[in-house]
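To keep things clear, I will list the structure first and then write my remarks on it.
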Amino acid sequence: MLPTLNHNIDFTKASFKEFENIPNHDMVQSATAFQEFTDYMSENDHMNFRFVTRGCGPVVQVKTSFMKNSKECISLVSNDYLNFTQHPKVKQAAIEGIMKYGTGAGASPLIGGHHEYHVQLEDKISDFFNRPTGSSIVYTTGYTANTATLQSLLKEEDCAIVDMEVHASVYEGLNSTNTKRFPHNSMIHLERALVDAQNKFRTKLVIIDGVYSQNGDLAKMDEIYDLCEKYGAYLMVDDAHGIGVIGEKGRGCIEVYNLLNKVHIISGTLSKAFGHIGGFIVSTPEIINYLRYQARQQVFSSTSSPAANGLIKAIALIDEEPQWRTKLAENIAYFKNGLLSLNLNIGTTQSPIIPVKIGDPHKTAQVARMLLEAGVYANCIVYPGVSKKDARIRTSLMATHSKEHLDHVLNAFEHIGKKIDLTKTR
């Protein structure tokens with residue numbers, strides 16, 4: 001089917017960006033135009049999103065709109081890096097939590113929804129980072145942990161100075177404050193922003209990721225921390241993809257740089273290495289106490305269910321069973337070497353997130369479909385996840401992937417590369 005151009009949008013070149021704010025279209029007209037585009041993408045087998053799967057694991061059953069039956073695929077889409085969603089001890093602890101407390105929190109934390117298991121979880125998180133009791137707070141999601149915290153702490157007299165590649169949740173949390181952005185990991189531009197903000201704003205908060213979610217590379221955290229100290233700024237690190245995975249003891253990128261007791265605000269998620277759902281903030285007890293009563297999600301929204309009891313065990317397993325991190329590291333090294341041997345561009349990743357950068361969004365979608373046909377489910381990342389010219393296949397490795405799984409994926413990339421040029425200018 002040829003694209004419908006009655007909205008003056010060329011579907012053969014379009015991405016989701018063109019539909020964010022269509023001139024002279026109200027919300028219903030915009031949704032109708034977008035429906036035409038997603039229909040076009042589906043008919044051309046390029047709508048590689050929202051597939052239905054059965055749980056997390058190295059191998060999953062995948063069902064799509066263009067498949068008659070589900071298909072067994074090697075999964076490279078999950079952030080369940082240690083596969084703790086399937087760990088028997090974590091499952092058992094979650095079941096015990098439900099049996100003891102029920103299925104829901106029943107209220108917001110401020111007015112009756114702050115339960116015993118929440119206290120135990122927050123104490124466990126504080127201890128995990130070697131911080132005193134009262135140094136952590138739990139949110140419903142990692143996304144909310146960022147948005148609610150930043151909305152509470154930063155106002156119109158303050159300024160956030162952010163790496164341009166931080167997570168979308170950070171940007172959403174900055175709507176009520178001033179924002180300066182600096183190019184990814186550019187110390188020259190960060191210092192310029194700090195100099196400019198030094199005497200203009202009450203609070204200066206530099207915000208970075210530990211591991212960046214699209215490229216899998218690490219922040220230059222030691223240099224960034226030194227600049228913050230030099231210019232009187234605070235540092236917030238969102239280490240959602242590093243905590244539990246990276247570092248000698250699995251404390252994340254902050255541990256790698258020996259800054260665990262120095263970073264002012266640590267943001268993390270409970271949905272990746274820890275295998276559940278939720279987010280958290282670690283800071284001083286005074287900041288945490290402030291958030292308990294000022295963060296709107298803590299005041300007006302219910303929080304995590306008793307199944308979060310499984311998280312207490314998952315956090316303990318980081319120390320009790322380090323073999324999962326060892327196996328994950330081995331998988332990362334093996335898979336990266338395999339992709340590089342195929343002359344594919346994987347950027348500067350130092351984490352379980354390994355992108356295969358292609359560039360053209362439609363070619364990338366075609367590759368994602370061919371991988372699926374080969375029994376490999378990997379993420380097709382296009383705008384708004386990355387810039388329009390930086391489309392890629394993003395792969396996420398797990399500790400429970402075997403070498404046979406990874407060889408299957410490498411063989412699929414090699415086969416596709418013989419039909420389509422997968423190389424991208426480095």
Side-chain angles (χ1 to χ4, degrees), residues 1-3 10-16 37-53 58-78 214-216 331-332 334-349 352-383 385-397 401-426:
M1 173 181 171
L2 292 174
D10 183 353
F11 287 1
T12 64
K13 299 178 180 178
S15 70
F16 291 169
F37 174 65
T38 55
D39 288 346
Y40 166 77
M41 292 286 284
S42 294
E43 289 166 8
N44 287 273
D45 298 332
H46 287 174
M47 199 63 184
N48 298 290
F49 311 101
R50 299 186 72 87
F51 293 166
V52 179
T53 61
V59 177
V60 297
Q61 291 287 327
V62 180
K63 183 74 172 69
T64 75
S65 59
F66 51 80
M67 287 180 178
K68 257 189 178 180
N69 302 304
S70 62
K71 180 183 181 71
E72 185 174 270
C73 293
I74 295 167
S75 174
L76 298 176
V77 301
S78 178
Q214 296 304 335
N215 286 322
N331 283 347
I332 293 168
Y334 184 81
F335 192 57
K336 283 174 62 175
N337 288 336
L339 292 173
L340 290 172
S341 73
L342 297 175
N343 198 33
L344 298 177
N345 181 4
I346 63 172
T348 57
T349 179
I353 301 168
I354 304 175
V356 177
K357 299 186 176 186
I358 296 172
D360 178 80
H362 290 272
K363 182 193 286 188
T364 303
Q366 184 180 2
V367 172
R369 172 61 190 273
M370 294 174 74
L371 284 169
L372 199 65
E373 290 172 349
V376 177
Y377 181 21
N379 283 135
C380 173
I381 303 294
V382 296
Y383 182 89
V386 293
S387 67
K388 290 184 66 175
K389 296 180 180 180
D390 204 23
R392 78 278 303 274
I393 300 295
R394 185 180 71 172
T395 68
S396 295
L397 299 190
H401 280 122
S402 67
K403 283 193 175 180
E404 289 74 20
H405 293 146
L406 301 181
D407 284 339
H408 182 99
V409 177
L410 293 169
N411 289 338
F413 272 114
E414 183 177 25
H415 176 73
I416 294 168
K418 292 176 180 178
K419 298 184 176 182
I420 301 174
D421 182 12
L422 298 183
T423 59
K424 177 181 181 292
T425 303
R426 296 173 186 268

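The structure presented is a predicted model; accordingly, all values stated were derived computationally and were not measured.
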If you measure from CD1 on Ile332 to CG on Asn337, what distance do you get to the nearest 0.5 Å? 11.5 Å
Would a 4.5 Å heavy-atom cut-off, applied to side chains only, mark Val386 and Arg394 as touching? no
Supply the atom-to-atom distance His415 NE2 to Leu342 CG, rounded to the nearest 0.5 angstrom. 13.0 Å
Partner of Val59 by side chain to side chain contact (heavy atoms under 4.5 Å, CB included), out of Glu72, His401, His408: Glu72
I would like to know whether Tyr377 and Leu372 meet side-chain contact (heavy atoms from CB on, under 4.5 Å); could you show each step before the answer? CA-CA 5 Å; Tyr377 181 21; Leu372 199 65; 4.1 Å; yes
How far apart are the C-alpha atoms of Leu397 and Leu406, what are their side-chain angles, what is the distance that settles it, and do they pass the side-chain contact (heavy atoms from CB on, under 4.5 Å) test? CA-CA 9 Å; Leu397 299 190; Leu406 301 181; 4.0 Å; yes
For residues Ala374 and Ala412, report the shortest heavy-atom separation together with the two atoms involved. CB-CB, 4.0 Å
Between Lys363 (side chain only) and Asp421 (backbone N and O only), is there a donor and an acceptor less than 3.5 Å apart? yes
Could you report the tightest heavy-atom contact between Gly359 and Thr364, atom names first, then the distance? N-OG1, 4.2 Å
Going through the checks in order, is the side-chain hydrogen bond (donor to acceptor under 3.5 Å, both in side chains) test met by Arg392 and Asn215? CA-CA 10 Å; Arg392 78 278 303 274; Asn215 286 322; 3.2 Å; yes
Which heavy-atom pair separates Gly216 from Thr349 by the least distance, and what is that distance? O-OG1, 3.4 Å
For the pair Leu422 and Ile358, evaluate side-chain contact (heavy atoms from CB on, under 4.5 Å) and give the outcome as yes or no after the intermediate values. CA-CA 6 Å; Leu422 298 183; Ile358 296 172; 4.2 Å; yes
Phe11 and Phe37 aromatic ring geometry - parallel, tilted or perpendicular at 30°/60° bounds: perpendicular
Side chain of Lys403, backbone of Tyr334: donor and acceptor closer than 3.5 Å? no
Separation between CD1 (Ile416) and CD1 (Ile393), nearest 0.5 Å, reads 8.0 Å
Measure the NE2-SG distance between His405 and Cys73 for me, rounded to the nearest 0.5 Å. 11.5 Å
Should Gln214 and Asp390 be marked as a side-chain contact (heavy atoms from CB on, under 4.5 Å) after you check the CA-CA gap, both sets of side-chain angles, and the distance that decides it? CA-CA 10 Å; Gln214 296 304 335; Asp390 204 23; over 6 Å; no
Is there a donor-acceptor contact under 3.5 Å from the side chain of Thr395 to the main chain of Ile354? yes
What heavy-atom pair brings Ser396 and Ile353 nearest, and what distance separates the two atoms? OG-CG1, 4.4 Å
Ile346 side, atom CD1; Leu344 side, atom CG - distance, nearest 0.5 Å: 8.5 Å
Going from CG on Leu371 to CG on Asn379, what distance comes out if it is rounded to the nearest 0.5 angstrom? 11.0 Å
Between the main-chain N or O of Thr12 and the side-chain N or O of His362, is there a donor-acceptor pair closer than 3.5 Å? yes
